[in-house]
Amino acid sequence: MDHVNRLALLRRHSPQVRAIDPRSPLQIGNGSLAASVDLTGLQTFPGAYPAGPDATLLSTMADWGCFEGRPTSLGRVGLDLAAGSRPDGLGQTEQGLDLSLGLLVSRFVSGRVRHAVHSLVDSRSDALVVRLAQIGSDRVGLRLTLPPRLPAAWPNGGRARSTVLPDAAGWLIEHALGDVVYWLRLTAPGCDLVRLGPHDFVLGGVVEGPAPPWTDGVLPRASGWLQAVVAFASQPPPPARPVEDCLAMTALDWRSYWNSGGALDLSDSDHPQAAELERRVVLSQYLVRINQTGRVPVSPGGLTQAATGRPIDLTTHVWQYANLAQWGRPELLDGLLDWYGNRLDQARELAGRSGWEGALWPATAQPYRLLDQSWAGPWDRTDRPARGRPTSSQPDDWATGWEAVNPIYLAELVHRNGPALERSRALGPLVLATAAHLAARVEALTADQLAAGGWPRSEPAVGPAALDPADPAAGGPADPTAADDPTFTAAWWRWGLNCAADWADRLGRADLAPAWRAAADRLRAPAPVMGVYPSAGWGPSGCPGPGPRPGGHPLHLGALGLVPRCGLIDESVMTATLDGVLDHWPWATARAGWDRPLVALTATRLHRPDLAWRAMLGPVPAPGLPWPPAGPPYLPNGHHWGGTDRPADLTGNGGLLLAVGLMAAGWDGSEARPGFSLAWPALADRIARLP
């Protein structure tokens with residue numbers, strides 16, 4: 001095992017900001033609550049970070065803050081600067097995020113006043129903690145702005161009301177958005193609370209007495225200062241812990257996080273892109289920690305304004321979450337896997353209403369139900385007129401096949417990298433029920449469907465949709481070319497059934513294993529077309545023909561990439577398929593964060609590390625390597641940017657960690673560092689092998 005100097009690694013890549021980048025606000029958080037902030041360390045200038053008409057990237061969001069099934073910003077906390085202050089009026093700006101402590105330090109001059117701000121999110125409560133010191137004014141303050149309404153189109157989305165309830169510890173604010181209520185507790189010793197409007201407040205004042213010792217580390221001779229804790233909760237929160245305790249415990253927890261899991265050090269490499277790859281890895285580990293390690297899964301936008309209005313996407317859970325176990329932190333998957341377990345009865349109900357056994361997982365879900373209450377069911381296997389259809393409030397692609405194996409894969413990674421026996425027993429019902437549904441779907445396939453790779457291309461007159469979400473009876477898209485990928489699905493389901501059979505043996509249910517292994521053996525990959533595996537939505541990979549559908553992905557590569565070798569895929573055919581995708585896929589329009597990690601996984605398993613690096617980082621500045629373009633960037637804040645409508649995409653961060661982890665640690669039976677050549681000397685510490 002190599003030993004990485006983790007503190008030096010973090011110091012190399014802790015973000016340093018000197019000017020506003022409107023796409024890239026820094027973010028602080030704890031996995032359950034996160035805040036995106038501007039150059040002041042808070043949310044003082046929301047207009048400087050636009051996210052569409054009358055919207056901003058600056059937000060404070062919690063995993064529990066999904067009202068009417070839609071995530072929303074809980075409010076903004078900024079500085080109470082002098083009237084007329086503008087972001088372009090700030091001077092001497094410097095901002096640094098200390099990744100090892102989770103602490104953001106911001107310094108700037110506004111007018112004639114010099115400010116310094118310490119801000120973080122408490123690691124043990126959903127609270128924003130602020131220290132503010134300044135020279136040039138005795139009056140210091142924070143501006144709190146709560147949302148005045150839910151969007152008019154939302155159910156029960158009436159106007160808001162804010163009720164202030166003073167108590168001995170500070171102030172308690174009950175904020176109601178129609179039928180939705182949440183709470184804020186404000187704690188700021190020596191300060192007062194002034195109400196400026198129905199939902200606007202200033203917290204601050206003249207703090208009497210000498211400046212405390214901590215201000216020397218912020219600004220010497222501070223003439224004004226305050227310390228405040230702004231706690232958010234779905235129920236009235238308890239009194240806040242002292243600011244010093246919040247700072248100390250948060251620092252302890254962040255150091256524990258960085259020291260407990262995997263690390264990759266590329267500082268000995270002279271490759272021109274080594275430092276950039278190392279930066280992306282470090283910041284991706286930070287972002288997945290602060291955005292998606294709470295109690296409820298989040299959309300690919302995470303706890304950012306980019307997530308507003310988007311449901312949870314179960315199809316992307318492997319790309320978002322699998323890296324946590326791979327990089328040595330399987331306990332951080334507990335919230336997600338508990339969410340699956342707590343909804344297992346709903347998944348069984350959904351399968352039963354559809355005429356199937358086991359547990360059926362939809363492609364998209366709401367935080368507390370797998371389907372909207374408005375979903376019109378049931379539909380079954382024999383009575384076509386009774387088959388229900390999702391309403392306009394439920395996406396049509398609620399059953400694709402991608403998500404069907406994800407719980408098994410995630411549980412397997414936890415079993416391999418965590419306390420195996422106790423956790424495996426707890427996860428057993430989830431794995432077994434999911435596999436029972438897969439097996440029933442496979443057993444219903446006809447011989448013709450199996451010959452087509454388990455992917456019927458036309459709607460059957462009667463019977464189940466089997467693996468085909470293109471069948472309108474399955475509630476999926478009516479266009480077969482918009483369906484899931486047959487090559488990937490056959491391999492993914494085959495691996496999932498065999499893995500679940502191993503679980504059945506371990507859990508004392510060996511009676512289930514033979515039928516599941518037999519179902520796995522029935523699956524076949526589609527026959528190659530012109531020497532390559534076919535892909536849904538376009539002509540044969542590597543061959544001229546119809547282009548991919550908008551938003552499509554080269555998912556067929558995942559049949560030997562994300563999916564390990566399972567006896568289904570011919571490596572020579574997949575190698576030709578990979579070359580074809582690299583030559584013909586429209587990379588200039590590929591924005592999904594996981595597209596390039598998908599290519600890198602396949603290239604690594606095919607022993608083509610050169611292609612893996614080119615997929616992840618774009619062309620090396622050397623002749624003979626024109627493919628592919630650099631693609632959507634990883635911003636200074638670390639987020640993968642997929643466009644103005646997708647300013648944060650955690651599938652890019654999680655997918656990058658998954659791919660780089662495979663390249664650094666390999667898979668069962670592989671050589672060490674299969675994705676690194678002599679040009680990439682690397683220290684890899686505590687990164688687990690994938691299946």
Side-chain angles (χ1 to χ4, degrees), residues 25 27-37 41-44 46 56-68 70-78 102 104 119-131 142-150 160-167 169-188 191 193 195 198-203 227-243 245-247 249-250 253 290-296 298 302-305 307-308 335 367-368:
Q27 193 180 26
I28 50 179
N30 62 9
S32 175
L33 180 133
S36 301
V37 299
L42 295 166
Q43 298 159 333
T44 309
T56 175
L57 292 178
L58 302 189
S59 60
T60 306
M61 302 187 74
D63 60 357
W64 49 263
C66 294
F67 307 135
E68 309 296 338
R70 298 161 174 86
T72 188
S73 179
L74 302 175
R76 292 196 301 271
V77 180
L104 181 64
S119 50
L120 58 79
V121 171
D122 183 24
S123 62
R124 304 191 181 188
S125 68
D126 289 345
L128 179 65
V129 181
V130 181
R131 279 178 162 175
L142 302 178
R143 181 85 174 259
L144 173 64
T145 304
L146 303 180
R149 65 179 61 83
L150 288 174
R161 67 179 187 277
S162 299
T163 305
V164 180
L165 306 171
D167 67 8
W171 301 268
L172 195 61
I173 298 179
E174 179 191 43
H175 191 63
L177 292 163
D179 293 343
V180 171
V181 177
Y182 64 95
W183 300 77
L184 296 86
R185 181 179 290 279
L186 313 179
T187 306
C191 294
L193 183 68
R195 189 167 197 158
H199 314 294
D200 292 311
F201 305 87
V202 170
L203 178 67
Q227 297 186 105
V229 178
V230 183
F232 299 83
S234 57
Q235 299 293 330
R241 292 182 291 118
V243 167
D245 288 356
C246 293
L247 291 165
M249 298 309 296
T250 298
D253 290 342
I290 68 173
N291 279 279
Q292 55 182 39
T293 55
R295 296 150 290 190
V296 179
V298 296
L303 297 176
T304 72
Q305 194 66 23
T308 300
Y368 304 108

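What you see below is based on every heavy atom in this structure, not just the backbone, and it leaves out hydrogens, waters and symmetry mates.
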Student: Report yes if the side chains of N30 and D126 come closer than 4.5 Å at any heavy-atom pair, otherwise no.
Tutor: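 Contact flag for N30/D126 side chains = yes.
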Student: Looking only at non-hydrogen atoms, find the nearest pair between A169 and P239 and report the distance.
Tutor: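 Closest approach of A169 to P239, heavy atoms only: CB-CB, 4.4 Å.
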Student: Do side-chain atoms of D200 reach the backbone of T145 as a donor and acceptor pair under 3.5 angstrom?
Tutor: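 Checking the backbone N and O of T145 against the side chain of D200, no donor-acceptor pair under 3.5 Å is found.
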Student: Quick check: closest heavy atoms across S162 and P198, and the distance to 0.1 Å?
Tutor: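 Minimum heavy-atom contact is CB-O, 3.5 Å.
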Student: Do any N or O atoms from the side chain of R76 and from the backbone of Q43 form a donor-acceptor pair under 3.5 angstrom?
Tutor: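 A pair under 3.5 Å: no.
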Student: Is the shortest heavy-atom distance from the side chain of I28 to the side chain of L128 under 4.5 Å?
Tutor: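 Heavy-atom side-chain distance check passes, below 4.5 Å.
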Student: When you measure from the side chain of T60 to the backbone N and O of S73, does any donor-acceptor pair fall under 3.5 Å?
Tutor: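 No, because the side chain of T60 does not come within donor-acceptor range (under 3.5 Å) of the backbone of S73.
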Student: Going by heavy atoms in the side chains, are P25 and L58 under 4.5 Å from each other?
Tutor: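 Contact flag for P25/L58 side chains = yes.
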Student: In a check of side-chain contact (heavy atoms from CB on, under 4.5 Å) between L184 and each of L74, L146, L172, which one passes?
Tutor: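 Only one of L74, L146, L172 forms a side-chain contact (heavy atoms from CB on, under 4.5 Å) with L184, namely L146.
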Student: Can you list the steps and then say if E174 with V181 is a side chain to side chain contact (heavy atoms under 4.5 Å, CB included)?
Tutor: CA-CA 7 Å; E174 179 191 43; V181 177; 3.6 Å; yes
Student: Quick one, V243 and V229 - any side-chain contact, counting heavy atoms below 4.5 Å?
Tutor: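 Result yes, sub-4.5 Å side-chain heavy-atom pair found.
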Student: Listed by chain and number, what are the salt bridge (Lys or Arg N to Asp or Glu O under 4.0 Å) partners of D245, not counting sequence neighbours?
Tutor: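 D245 satisfies salt bridge (Lys or Arg N to Asp or Glu O under 4.0 Å) with no other residue.
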Student: Side chains of T72 and P147: closer than 4.5 Å at any heavy-atom pair?
Tutor: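 They are not in side-chain contact.
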Student: Under 3.5 Å, is there a donor-acceptor pair linking the side chains of T304 and Q27?
Tutor: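 Q27 and T304 do not have a side-chain donor-acceptor pair below 3.5 Å.
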Student: Answer whether the closest heavy-atom distance between the side chains of V121 and I290 falls below 4.5 Å.
Tutor: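 Answer no - side chains too far apart.
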Student: Mind checking whether L120 and L247 have side chains closer than 4.5 Å, heavy atoms only?
Tutor: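 Answer yes - side chains close enough.
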Student: Between S32 and D63, do the side chains contain an N or O donor and an N or O acceptor separated by less than 3.5 Å?
Tutor: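 On atom types as modelled, these side chains qualify, holding a pair under 3.5 Å.
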Student: Determine, stepwise, if the pair F201 / L186 fulfils side chain to side chain contact (heavy atoms under 4.5 Å, CB included).
Tutor: CA-CA 11 Å; F201 305 87; L186 313 179; 5.7 Å; no
Student: Among all residues two or more places apart in sequence or in another chain, which pass the ring-ring contact (aromatic ring centres under 6.0 Å, His included) test with H175?
Tutor: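 Expected list: Y182, H199.
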